[in-house]
Amino acid sequence: MIRADIESIIMASGPIPSLIVLRERATSSNRETPLRSLSIQTGSVEAAAVSRGVDGVTTPRPITHDLFLDTLTALGAKVERVEISRYDAPVFYAKITFVHEEGDSMREVMLDARPSDALALAVRANAPIYIEDDVMNRVGTVLLRNDEQPSRDEELEQFDQFVQTLSPDDF
């Protein structure tokens with residue numbers, strides 16, 4: 001399994017599908033190899049539900065994914081992880097793993113889900129997202145790294161130097 005994060009959500013409207021882009025998480029073991037990404041097409045409503053979870057948007061009344069997460073919490077269960085587990089063109093499949101304490105032991109339950117629902121729950125529950133190796137190898141794309149890009153501190157320093165050269169007449 002490959003750990004991943006949501007890199008971006010590209011919203012579309014009408015008959016054009018929206019995209020949820022997952023990016024392989026950098027680790028010390030994959031430092032030298034290019035990172036990969038996986039784009040999952042979904043509807044605009046589903047993409048918006050994931051986006052609201054990423055942005056931490058709360059509503060006066062819970063929407064479906066918030067309600068489900070509240071229900072899990074009330075029952076003493078939690079979302080342990082989400083897996084993008086299979087790809088049968090053009091459909092992706094996902095699994096959500098829940099854990100629930102039963103006495104002295106933990107019970108693990110895995111349910112089939114649409115990737116958009118699984119990701120919407122994962123971001124709300126702060127649960128890790130994984131992609132099956134076979135799925136990433138078959139459908140993932142390579143992200144090129146540019147190690148020549150300045151670090152965040154260097155970029156801020158360059159911007160600060162630029163601002164120092166400005167005068168009111170430049171505006």
Taking the side chain from His100 and the backbone from Leu75, do they hold a donor-acceptor pair closer than 3.5 Å?
yes
Donor-acceptor list for residues 62-73 side chains, cut-off 3.5 Å, not counting sequence neighbours:
from, atom 1, to, atom 2, distance (Å)
His65, NE2, Asp117, OD1, 2.9
Asp66, OD1, Arg124, NE, 2.7
Thr71, OG1, Leu67, O, 2.8
Thr73, OG1, Leu69, O, 3.0

So, taking the atom named CG in Asn126 and the one named CG in Leu121, what distance separates them when rounded to the nearest 0.5 Å?
13.0 Å
Pair Lys95 + Glu83: basic N to acidic O under 4.0 Å
no
Exercise: identify the closest heavy-atom pair between Val82 and Ala118:
CG2-O, 3.3 Å
Closest non-hydrogen atom pair, Ala125 against Val79:
CB-CB, 3.8 Å
Would you please test Arg81 and Tyr130 for side chain to side chain contact (heavy atoms under 4.5 Å, CB included) and show each step?
CA-CA 8 Å; Arg81 70 184 173 276; Tyr130 293 95; 4.1 Å; yes
Heavy-atom distance under 4.5 Å between the side chains of Asp5 and Leu22, does that happen here?
no
Can Arg138 and Tyr87 be said to form a side chain to side chain contact (heavy atoms under 4.5 Å, CB included), step by step?
CA-CA 9 Å; Arg138 287 178 41 218; Tyr87 177 73; 3.6 Å; yes
Would you check if Val135 and Tyr93 make a side-chain contact, meaning some heavy-atom pair closer than 4.5 Å?
no
Stepwise, does the side chain to side chain contact (heavy atoms under 4.5 Å, CB included) test hold for Val54 with Arg52?
CA-CA 6 Å; Val54 168; Arg52 279 194 293 274; over 6 Å; no
CG/Leu38 to CD/Glu7 distance, rounded to the nearest 0.5 angstrom?
11.5 Å
Contact summary for Ser116 and Val50, nearest pair of heavy atoms
O-CG2, 3.5 Å
Ile84 reachable from Met110 in the ILVMFWY side-chain graph, under 4.5 Å edges
no
Residue of the set Ile20, Ile9, Leu19 for which side-chain contact (heavy atoms from CB on, under 4.5 Å) holds with Thr42:
Ile20
Run the side chain to side chain contact (heavy atoms under 4.5 Å, CB included) test on Ile6 and Val21 for me, step by step, so that the C-alpha distance in whole Å, both residues' side-chain angles and the decisive distance to 0.1 Å come before the verdict.
CA-CA 6 Å; Ile6 295 176; Val21 181; over 6 Å; no
Hey, is Glu46 close enough to Arg114 for a salt bridge, meaning N to O under 4.0 Å?
yes
Using a 4.5 Å cut-off on heavy atoms from C-beta on, say whether the side chain of Glu132 contacts that of Met1.
yes
Any chance you could measure Arg25, atom CZ, to Arg3, atom CZ, to the nearest 0.5 Å?
3.5 Å
Residues two or more places apart in sequence or in another chain: which of them pass side-chain hydrogen bond (donor to acceptor under 3.5 Å, both in side chains) with Asn137?
Arg36
Are the side chain of Ser18 and the backbone N or O of Ala12 linked by a donor-acceptor pair below 3.5 Å?
yes
To the closest 0.5 Å, what do you measure between CD1 (Ile131) and CE (Met136)?
3.5 Å
Nearest-0.5 Å distance, OG1 of residue Thr141 to CZ of residue Arg23
12.0 Å
According to salt bridge (Lys or Arg N to Asp or Glu O under 4.0 Å), who are the partners of Asp112, at least two apart in sequence or on a separate chain?
none
How many angstroms lie between CD in Gln41 and CD1 in Ile10, if you round to the nearest 0.5 Å?
10.5 Å
